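Proteins get letters first, then strands, A, B, ... in listed order; numbering begins at 1 in each. This structure is a prediction, so every number in the text was calculated from the model and none was measured.
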2 protein chains.
Amino acid sequence: MSKAKDKNKEEQILNAAKTIFQSKGMSGARMQEIADKAGINKAMLHYYYRSKQLLFEAVFKNAFSLLAPQLNAILNDDSSIEEKIKNFTSNYITFIIKHPYLPNFIIQELNRNPEFILKLKEDKGFPNLDKFKIQVDEDVKKGFIKPISAEQLFINILALNIFPFVAKPLIMAFTNTDDKNYKELMEDRKTEVANFIINSIKST
Amino acid sequence: MSKAKDKNKEEQILNAAKTIFQSKGMSGARMQEIADKAGINKAMLHYYYRSKQLLFEAVFKNAFSLLAPQLNAILNDDSSIEEKIKNFTSNYITFIIKHPYLPNFIIQELNRNPEFILKLKEDKGFPNLDKFKIQVDEDVKKGFIKPISAEQLFINILALNIFPFVAKPLIMAFTNTDDKNYKELMEDRKTEVANFIINSIKST
DNA sequence: ACATTTGTTAACCAATTGGTTAAACTATAT
DNA sequence: ATATAGTTTAACCAATTGGTTAACAAATGT
């Protein structure tokens, strides 16, 4: 119960569940531990969310709904590619520093349960590349940027932004950095990554 | 029991355990399932590897020992930065296509158990940035490449190479690709990624 | 005031799980 | 042949786990 005031019990449970599920995963999480964290009886979990599976799905959808808008920003707004990359990189890294477990959680559980994404794709707000693709193709044709497919560019943007958080323990070990140091590295990336991408694709 | 001939029972078990642990993680894996996959009695698992934890550690170290040499190649050999990036990208993606669960497995369990990496760091072969750092700093000073820290460059290289495999289900959904299509995307990346990085850092 | 719905709890339960045991089987040495 | 050490199995066990129940308390409506 980190936050003192959760509006209602339902949200209180969801917050506790979020913490536990995100750090231990679906199979590693224990209902009793979630109940303890929420400061309630275990039976209450089942009263509000019928089963572990449903509680998990609530947490997962909630987590995903935080990420999706961030992606839509880069995919569907009307700014230039360069602006998009700059804004996204800065915004996204800021966002993830606040929710460090999020990307790893989503990636992990999606790998464990690939059919799960089908449900998400039905949602209207699910990120879609169509518009971004048109923009990239056009910019390539006009010679604004070097030839690259929208898909590969999109993958690169995601990779450079998300990976350092997903692989944090690994990278910390390789680069011999402590937590404070690592945070500085990530802060630098808010501008570094955008420059890195733009340098790579802009026409000379 | 995919492979017909495992030299000895120990390896037979390890292979089965690898498959199960890598797809379900430590907490999701069941000893019974590993035994079934290995075609042996569950008690045999405990006979050869005392506990689930020890069996898991054997699998994990084995997996990590496959990855480490790949990284050392880029960090410690004597070729130019440009060559290193080209070789690593091509080799690494080829390697991962053969072991698709590997990076996700390592990242996942390391996040779950960050102290675990301390044991690995003790090993002599653990990847180390020192030499790479000198090389990058020198190339920057000589003006061969644009200013960038070795750490950030290294993170970018890892990110661009590893992330697409870790986040496969997510990216497949966003880009609306099927498995065959996705494999083509990854094949393209064997050269695309190297070009992307080199374009970004080489001096104009 | 009383009944009914909603929220909460402790005790319980069946299934699963990692791990053990003791007996049996197999090979090797003597 | 017989003892010995290593290998394999089925049955078993205690602990854990997700989930249920039945009784109780607190609101809410009438």
Secondary-structure string, 5' to 3', Watson-Crick or G-U under 3.5 Å, | for another-strand partners, for DNA chain D: ||||||||||||||||||||||||||||||
Separation of [X] atom [atom1] from [N] atom [atom2], in whole Å?
{"X": "A/Y47", "N": "C/dA10", "atom1": "OH", "atom2": "P", "answer": "17 Å"}
{"X": "A/H46", "N": "C/dT8", "atom1": "NE2", "atom2": "P", "answer": "16 Å"}
{"X": "A/I13", "N": "C/dG7", "atom1": "CD1", "atom2": "P", "answer": "11 Å"}
{"X": "B/N41", "N": "C/dA22", "atom1": "CG", "atom2": "C1'", "answer": "13 Å"}

Test item: side-chain donor near acceptor, A/R112 and B/N104, under 3.5 Å: no
Side-chain donor-acceptor contact under 3.5 Å, B/Q32 with B/D36: yes
Sugar-phosphate only, base, or nothing, as touched by A/Y49 at under 4.0 Å among non-hydrogen atoms: nothing
Sugar-phosphate only, base, or nothing, as touched by A/A35 at under 4.0 Å among non-hydrogen atoms: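 No contact.
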Boundaries of the chain B footprint along DNA chain D (any atom under 4.0 Å from a heavy atom):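 The contacted stretch runs from D/dG6 to D/dA10.
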Partner of A/E33 under salt bridge (Lys or Arg N to Asp or Glu O under 4.0 Å), chosen from A/K24, A/K52, A/K42: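 Exactly one option meets the salt bridge (Lys or Arg N to Asp or Glu O under 4.0 Å) with A/E33, and it is A/K24.
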Sub-4.5 Å side-chain heavy-atom contact between A/I201 and A/I85: yes
Interatomic spacing from CG in A/N161 to CD1 in A/I96 - rounded to 0.5 Å: 9.0 Å
Member of B/F56, B/F105, B/F60 meeting the ring-ring contact (aromatic ring centres under 6.0 Å, His included) criterion with B/F21: B/F56
Sequence-distant partners of A/F132, ring pair (Phe, Tyr, Trp, His ring centres under 6.0 Å), two or more places apart: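 Ring pair (Phe, Tyr, Trp, His ring centres under 6.0 Å) list for A/F132, sorted by chain: empty.
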Atom OH of A/Y101: over 12 foreign heavy atoms under 6.0 Å: no
Most 5' of A/Q32 and A/A43 on DNA chain D, judged by nearest nucleotide: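 Its nearest nucleotide lies further toward 5', so the answer is A/Q32.
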